[in-house]
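Chain A is the first sequence line, chain B the second, and so forth, proteins listed ahead of strands; every chain is numbered from 1.
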Amino acid sequence: MKKEIKFNIEDLDLFYGEFQALKKVNLEIEKNEITAFIGPSGCGKSTFLRTLNRMNDLIENVKITGHVTLDDQNIYNAIDVIKLRSRVGMVFQKPNPFPMSIYDNVAYGPRVHGIKKKQELDEIVEKSLKNAAVWDEVKDRLKRNALSLSGGQQQRICIARALAVEPEVLLMDEPTSALDPISTLKIEDLATELKKQYTIVMVTHNMQQAARISDKTAFFLLGELIESDRTDKIFSNPNDKRTEDYITGRFG
Amino acid sequence: MKKEIKFNIEDLDLFYGEFQALKKVNLEIEKNEITAFIGPSGCGKSTFLRTLNRMNDLIENVKITGHVTLDDQNIYNAIDVIKLRSRVGMVFQKPNPFPMSIYDNVAYGPRVHGIKKKQELDEIVEKSLKNAAVWDEVKDRLKRNALSLSGGQQQRICIARALAVEPEVLLMDEPTSALDPISTLKIEDLATELKKQYTIVMVTHNMQQAARISDKTAFFLLGELIESDRTDKIFSNPNDKRTEDYITGRFG
Amino acid sequence: GCSDGTNNADANSNVEQNNNQSNNENNDKDVNDEEELSGTVTISGSTSVEPVGIGIAEEFMAFNPNVIVTYEGLGSSAGITNGNERVTNIGATSRGLRDNEKEFGLVEAVVAYDGIALITHPDNPIEDLTREDVQKIYLGEATNWSEFGGNDEEIVVVSREAGSGTRGAFEEIVDFEDQLTSNAIIAEGNGNVQSTVAENPQSIGYVSFTYINDTVKPVPIAGALPTVENVQNESYTIARPFIMVYHEDNLNDVSKAYMEFALSNEGQKIVEEVGAIPVN
Amino acid sequence: MDYNEKIHAISRTREKRVYKNKSKDMSVNKKRDVMEAVIEKIFLLSAFIAVISVAAITIFVFYKGLQPFLPVREASGYSFWSFVSGLEWKPSGNIDNAKFGVLYMIFGSIFASAGAIVIGVPIGVFTAVFIAELAPKKVAKIVQPAVELLAGIPSVLYGVFGLGVIVPKIMRISPQSQGQSLLAVMIVLSIMILPTVITISEAAIRTVPKHYREGSLALGASKITTIFKVTLPAAKSGILAGVVLGIGRAIGETMAVMLVAGNPESGIPTSIWDPVRPLTTNIALEMGYATGLHQDMLFATGVILFLFIIILNLALSKITSKAGE
Amino acid sequence: MGVLKDNLLKYIIYLSTIVTVGILIYIIGFIFYNGISHINLTFLTSNFDSQTQFIKVESMEGNMRNDIGYIQSLGIVLEQNEEGSTYVASIDSNSTVKNGFNRANKAFSIKRGDEIQGIGDTRIESMSLEEITSLLEGHSNYELRVSRPGDGVYPMIITTLYIVLVSLAIAAPIGILSAIYLTEYAKPGKLLRLIRFATESLAGIPSIIYGLFGMIFFVITLNMGYSIIAGALTLSIILLPVIIRQTEESLKAIPNVYREGSLGLGATQLQTIRKVILPNAIPGILVAVILSIGRIIGESAALLLTAGTVARIPDSLSSGGASLTVKAYHVAKEEGNIAMACAIGTVIILLIFTLNMLAKIISKKLNRAAAK
Ligand SMILES: Nc1ncnc2c1ncn2[C@@H]1O[C@H](COP(=O)(O)OP(=O)(O)OP(=O)(O)O)[C@@H](O)[C@H]1O
Ligand SMILES: Nc1ncnc2c1ncn2[C@@H]1O[C@H](COP(=O)(O)OP(=O)(O)OP(=O)(O)O)[C@@H](O)[C@H]1O
Ligand SMILES: [Mg+2]
Ligand SMILES: [Mg+2]
Ligand SMILES: O=P([O-])([O-])[O-]
C-alpha cells in the first residue's frame, strides 16, 4: 500500500517571544497511522502538536515561520482556521468536557457548524459515542452532566466530541496521562481502532505506550526533532545516541 | 554492617474524609539508605511520604491510624511536631524557595530555631550550600533573590535550606520532575552523596531514576504497598505480578 | 420660546396642557381653577424654606388633587441658580439675592418670614443673652460661659456652612459678617446644628424656627424668647425673609396658582402652622 | 483578526505556491469574519465607555475648577498660589473679602487618611490573617459576611454613628471642649477602610502559594512564624494594594466625615483633638449654597482631590505591575 | 520565634478580629436601637410627606351605638391623640368611607389612622370629640378634609428600586461587554493599559466628584433636571468598574481548557463566548449585579446632586426622587431626626444583608450546578 502524506511540515520554527520552542522541524505525517511524539518535559511536543491545528494562534507573542500543509494546502494561508480546526480535531491531556450534558457536549461541534435538526444531531451523537467506545456506558444518561462521569469516560466523551465534527486528523496531547490503567488501556485500544478512519498524532511521555500503539515515533529534545522513524526501528535501533539514552531512561 | 531502622511504619491507614488513601501500610526505612517510592499517579506515594513528617496534619479531614516511629519514638505522640519536622526535612516536587534572598532562604530554618548570631548563620549557610552542591554557583550572589535562579539551582537551594536545620532524614517528593536532564543528574548525584550522612526517602515516577540511585524500592498501587525490597530485586525479579507489569510499562 | 428650550420635560408638557385648558375655559376661570387645575410645580432651594414650601404644597394639593408639587431641599444658592437656569419652576432662598444674582432679573416674592433661634444644650444654665453677647461669642471675643453667668466652661460655637441663607441672615442681623471665629464648628443643615448642640453641653448654635425641637433649648435674647409673636411684635429681631424667585415666563399655570395660593390667606395660615411668620 | 499578521509573517518567508480551493474556502467565511470583527468592535466600544467617562469627568472638573485662576473671566484671576497655600476658607458674598485657601484642608485630608491607615491597616491585615489562615471554616463563615456587611453600610450611617457615639466619647476625653476632631475622623475612616483592607489582604494572603507555607512548616517553623515570616512578606504587594485603595477611600470619603470633622474655616490641625476640614467635606458642605466664584472654588477643591486620586492610582498601578513581575 | 511571641501575635490577631466584628455589632446595634421603634408595616407602606385631600362620602345607616366618637352616619369611630388630632380609629365593615372620591373624582378609601381635619370648609382642629361627633352626625353627604399621615419610606423604596433597575439596565450590559473585551479579546498593549487605568481611576474617584459631574452635566447641561435618569446615568458610571472587575474575575476563573476545547472543534471566538464562556460566567455576573445593587443603595453624595431629595413616587424617568440613603442623609442633616435616619438605616442594612446572602447563595448554587 502506498502511503499518503497527510501533514507535511518543513523548516518549522516557533518562538514564544524571544524563546525558540521549535527549531527547524521537518516531518511528514502519514494518513491512517498513529504517529507518537516523545521526549522529555518541555522539549516542545505539545507546542508542535498545537501548531498542526493552529491552537498556538491563541497565545500572545507567538511567531511561527516555516511551512505546514494539510493535504498540500498551507494551513496558515490556504485554509481558513475554523475550517482547519474542524478537519483536525484535538483531544487534550486533561479531559475537558464542557459543563453541560453529555449529549450537548457531543452535539456542540455539529451545532456550531450549523446543524440544527434534532434527528440529524441524534444520529451524529450516537455514532460518535459509539466510535469513541463509550456509547454503552452512557446511552441511558445522555442528559446527565458530562462532568459527573469518571475521568476515563470523560476523555472518551472528549474524543466523541472531536469525532462528531468528522475530522480527518485527531491530535491527542498525552490523552491518558491523567487516567487510571484500565481507562488508559481503553483509550489505547480505541486509538488503534480509530486509525482505520483517521490519522492520529499523539503526544505521550509513556514510552511503553508509544511502543505499544504507534506506527511511527518522533523524538524531540530541546525543541529539535532529533529523529523520527518506524516505531520498532526507534525502539530497537535508533540512529541517534540521544534517542537511545532517552529510551533507555538515562535521562528525562 | 548491621542495618539500623530509622522509620518503622506499622498498619498505617490514612483517610481523606471518606476516601482511604493508604491501606495498612507496613514498612521499615533504613538509615543511610535511599528508599524510593514508585507507583502510578494517585497511588498514595506523596500521601505516605507526608505522613513521615506529619505534613498531612495541615489538611482538613485527614484521619490517620496506625503506628509510625522515628528511632523508636512514636512521631504522633512522643515527638513534638515542630521537633519532628526539624529532624525530618522535606524537599518538594516544585522547587519552592521563599521569595527572599538565597542567604535568607538557607538561614530561615536556623533563625526560626533561635540562632541569631551572624557568624554562626554565615557558617551554617555556607556549609549547607556546599553540601547541596550549589555553593560555587551562588557564593557571589547570596543577597540575590532566590527566585532569580534556574529551576535546578532553586531545587538545590531548597535542599540546602532543608540541610541547614541539620535533619536526620530527608524526604523528597519527585524532586527532579520539574527539572531538565542536567539538573536532574546533579540532584541524583547529590542524593547519593548525601545518603552518607542522612537517610533519604524519595518519591519518583521515573523508574530509571529509582533503579539508578535507590537502595530500596517500595511499589504502591491504589493506596496499598504492594511490595518493597532491595532495588535490584524489585527491578529484576519482583515477587508480585503487578509490580512486574508496572515496571515493564504495561500500565501507568 | 426661551422657556420651551430650557424647561424640563415635565414642565413643558404641562405648559401646553394648561394653555389649552385656559383657552377653552377663559370665561369662568374662577370656577374651573379649583376643579381642573393639573400639572407639576417644581421648586428647589433653601432647606430652611422646605417646611414652608412643603406645607403650602400639601394644602395646595388638597384643593387641587391633580397637581403635584415637588420641593428639592438643596440650599438657597442652588435654588437661585435653578430658578434662573429654569431647572425648576421656582427657586427658594432664605437669604436676599446677592448683587450678581440680582442681575438675573428674577422675580422675588417674599412668602414668609422666619426667626432664627439661638439654641444651647438643655443643661446649659444660661437664661438670657443680649445681641452684643451673641456677637461677641460669634466673633470669638467671648470664649467662656462664665462671662455670661454660666459655668466656667469654654464656649463651643456652632455655625452653619458658608453660603447658607440662615447663616447669612444671622451674621447680618447679629452683625459679624465674614468675621466668624475660626474656632467655630461648622455643621451642615439645621438638623446637624441641632444634633451637634444637643450632644455638647458647652455649645451654642442657631437654627430656623421651623426646625427647632426639644433636644435643644432656645435662648431668649434680651428677654425675648424666639417665638412668632415676639418676632411679630419686634421684640425678637433675628429674622429674615423666605423668598421664592422665578422667571415669569418659566411659570406654568399651576406654578402661578401655587404662588398665588402661597400668598393667599390660606397659604399664610399654613406658614404660621409650620412655625414661620406670615408676611402681613 | 490578529492571526492574519502571523499568517503574513509565515507567507513572507515562503515563495508563493498555487493552492486548489483557496478562493472558495476563504470567501465562504468572509461574512462570518466580518461579523466577528464587528462584534469585537462593539465589545471594544463598551470597554471604551470607561475611558470616555474618565476623560469627560476629568476635563469637566478641570475646566470648571481652573477657571477662577485664569485671567479670561471677569472678576477673577484669583491667584492659584494663594489657593493652594492659603490657610483660610472664607467665601464671602463680598468677593473682595473672600478667601479661598485649601492648604489646611490638604493637611486635614492627609492627616486623616494617614491616621486611618495607622489604625485601620493593622487591624484589617490581622483580621484578614485570621480569616485566611487561622479561623476554623465555621468561624470564617461568620466573620467574612460581617466584613462584607461592614462594607455595605452606607457612609451616611457611619456619620450618624460617629456623631452619636464617637464624637461624644472623644469629647469626654479630649482636652478640648468639642468632640468633632481629627481623631474622630481617623476613627470613622479607619472603620470604613477596614472592609477594603481586609478583603484585599485576605485575597492576597490566599494567593500566596501553598508551597511557601509547606516549605516553612517542613523546616519546623510554627504556623504563626510561617505567617509572619513567609506568608505576609509574600503577600506584601497585594496588601499594599489594599492599603492604597484604602487611602483612596479615606481621601474620597465625604458624608461620614462631614458629620464628625468639625469643618472649621481655618487652621492646620496641630493635634488629634483639633477639628479638621478635609477636601471632600469642603465640597459637599457648601455645594448647595455656592454660586459664581465660590462654586468654581469648590470645583477647584475637586481638582486638588482629583490630583490626589490620580497620584494614588499611579502608585497603585506601580504596585500591581510590580506584583505581576 | 519563641512560643511566647507566637502566642502574643496570635492574641493580637484574635483581638483585631474581635475589634472588627465588635465594631460591626456596635454600629448595627446603634442603628437598630435608634431606629427600630419607627419600623412597622405602615412605615414601609406609607408616604413620607403627609397628604391632605377633600373626600366626598355618602352617608349610611350605621349601627346604633352610643360611644363617644362613633359617627353613625359614616360607620366610623374617631379618637383624638395627645396633639389633638382627630383620627379614624376603626371602620365598620359596611362603611361608606371606603368608597369616597376626591375632588378629582378619583376613588379614595379612608383608612384607619387617617386624620379628619374638617368637614366642608369647617375646620375641627380645636374641637373636642363630643363637638366633632355632633357636628359630623346626620349629614346626607359629606366632603371631609382628610389627612393621611406620612413618615413612611414607601416612596423611597420605590425610587430606590427605579434607580437600581435603570442604572443596572445601563451599566450591566456595558460592564459585561467591557469585561468580555478585556478578558477574551484584548491583547496586552497601550489600549488595554489605557482601559484598565480608566476603570481603576473610575473606581477611585470619590462619589462627591461624580455628584458634581452628574449635576452639571446631566442635570443642567443635558437639561434632564433632578431626575431618575440623571441619577441613574451618574450611578452607571460609578458601577462600571464594579461590574467590569467582578465579571472579569469570573471570566478569568473559567479554565482555558474550555476555550481550547471549543476552538479546537472549529467554533469561532464569538460562538465560544456565547456557548461556553458566558454560561459559565453567569454566577460571577450575577454576583457583580448584586454587589452593584448594594453600591446603589448605599450611594448618597452622587444621587443627592442628581436625583434630588423629594420623597415621591416617580411617575417617569424624568421625575426626581430621593433614594432611601439620600433621605436618611437629608433627615439627619435638616431635621436632626436621628431616629428616622436610623429607621431608614435599619431598612437599608437589612436590604444589604439580604443582598449579600443572596449573592452567596446564588454563587454557591450555580457553582455547584456547574460542578455537577
Ligand atoms: N505560552 C508559552 N509562553 C512561553 N513559553 C512557553 C509557552 N508554552 C510553552 N512554553 C515553553 O516552550 C517549551 C516547550 O513547551 P511544551 O509545552 O511544548 O513542552 P512539552 O514537550 O509538551 O512538555 P510536557 O511534556 O511537560 O508537556 C517549554 O520550555 C515551555 O516552557
Ligand atoms: N487533600 C486531599 N483530599 C482528598 N483526597 C486527596 C487529597 N490529597 C490526595 N488525595 C487523594 O489521595 C490519593 C493519593 O494521592 P497522592 O497525592 O498521595 O498520590 P501520588 O501517588 O503522590 O500521585 P502523583 O504521582 O500524581 O503525585 C489520590 O487519589 C488523591 O486524589
Ligand atoms: Mg505537553
Ligand atoms: Mg505525588
Ligand atoms: O438652607 P438655608 O439656605 O436656608 O440655610
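The parts of L180(C) that come within reach of chain D are both its backbone and its side chain, each placing non-hydrogen atoms under 4.5 angstrom from that chain. Only the side chain of N192(C) comes within less than 4.5 Å of a heavy atom of chain D; its backbone N, CA, C and O stay farther away. Heavy atoms closer than 4.5 Å to chain D are found in both the backbone and the side chain of S164(C). Heavy atoms closer than 4.5 Å to chain D are found in both the backbone and the side chain of A162(C). For E177(C), no part lies near chain D; criterion is any non-hydrogen pair under 4.5 Å. Contacts between E199(C) and chain D at a heavy-atom distance below 4.5 Å involve backbone atoms as well as side-chain atoms. Only the side chain of L259(D) has a heavy atom closer than 4.5 Å to any heavy atom of chain C.
Side-chain contact annotation: Q202(C) with S177(D), donor-acceptor N/O pair under 3.5 Å present. In this model, no donor atom of one side chain and acceptor atom of the other lie less than 3.5 Å apart for N200(C) and H121(C). Under the 3.5 Å distance criterion, with hydrogens and angles disregarded, no donor-acceptor pair is assigned to the side chains of R95(C) and S46(C). Using a 3.5 Å distance cut-off with no hydrogens or angles, the side chains of T88(C) and Y246(C) do not pair a donor with an acceptor. Using modelled atom types, one finds a donor on one side chain and an acceptor on the other under 3.5 Å when comparing D133(C) with T130(C).
Looking only at distances, no side-chain donor or acceptor of K99(D) sits under 3.5 Å from a matching main-chain atom of W89(D). Listed for the Y138(C) side chain is a donor-acceptor partner under 3.5 Å among the backbone atoms of V158(C). For S109(D) (side chain) and I106(D) (main-chain N/O), no donor-acceptor pair under 3.5 Å exists by modelled atom type. Judged by distance alone, with hydrogens and angles left aside, the side-chain atoms of Q135(C) form a donor-acceptor pair with the main-chain N or O of D175(C) at under 3.5 Å. Without hydrogens or angle criteria, Q194(C) side chain to Y211(C) main chain gives a donor-acceptor distance under 3.5 Å. Panel note: side chain N84(C), backbone I80(C); no donor-acceptor pair is recorded below 3.5 Å. Under the 3.5 Å distance criterion, the side-chain polar atoms of R160(C) are left unmatched by any main-chain donor or acceptor of V193(C).
Put simply, of I186(C), I185(C), T93(C), the one with the most heavy-atom pairs under 4.5 Å next to chain D is I186(C). Of the residues considered (G165(C), S182(C), A187(C)), S182(C) shows the highest number of contacts with chain D, using heavy-atom pairs under 4.5 Å. Across G164(D), G262(D), P168(D), the residue that shares the most heavy-atom pairs under 4.5 angstrom with chain C is G262(D).
At a heavy-atom separation below 4.5 angstrom, chain C is approached by Q178(D), Q180(D) within residues 178-192 of chain D. At a heavy-atom cut-off of under 4.5 Å, chain D is reached by no residue from residues 140-148 of chain C. Scanning residues 272-284 of chain D against chain C with a 4.5 Å heavy-atom cutoff picks out P275(D), R277(D), A284(D), ordered by number.
Residues P122(C) and K217(C) come closest through the heavy atom pair CA-CB, 3.9 Å.
Taking a cutoff of 4.0 Å between a charged side-chain nitrogen and a carboxylate oxygen, D249(C) and R86(C) qualify as a salt bridge. Using a cutoff of 4.0 Å between basic side-chain nitrogens and carboxylate oxygens, R240(C) and D114(C) are scored as salt-bridged.
Listed by first and then second residue, the ring-ring contact (aromatic ring centres under 6.0 Å, His included) pairs that reach into residues 151-196 of chain D are F161(D)-Y26(E), F161(D)-F30(E), sequence neighbours excluded.
With contacts defined as side-chain heavy-atom distances shorter than 4.5 Å, the pair I243(C)/V111(C) does not qualify.
In summary, of the residues considered (I90(C), V41(C), V52(C), V49(C)), a side-chain contact (heavy atoms from CB on, under 4.5 Å) with Y71(C) occurs for V49(C) alone.
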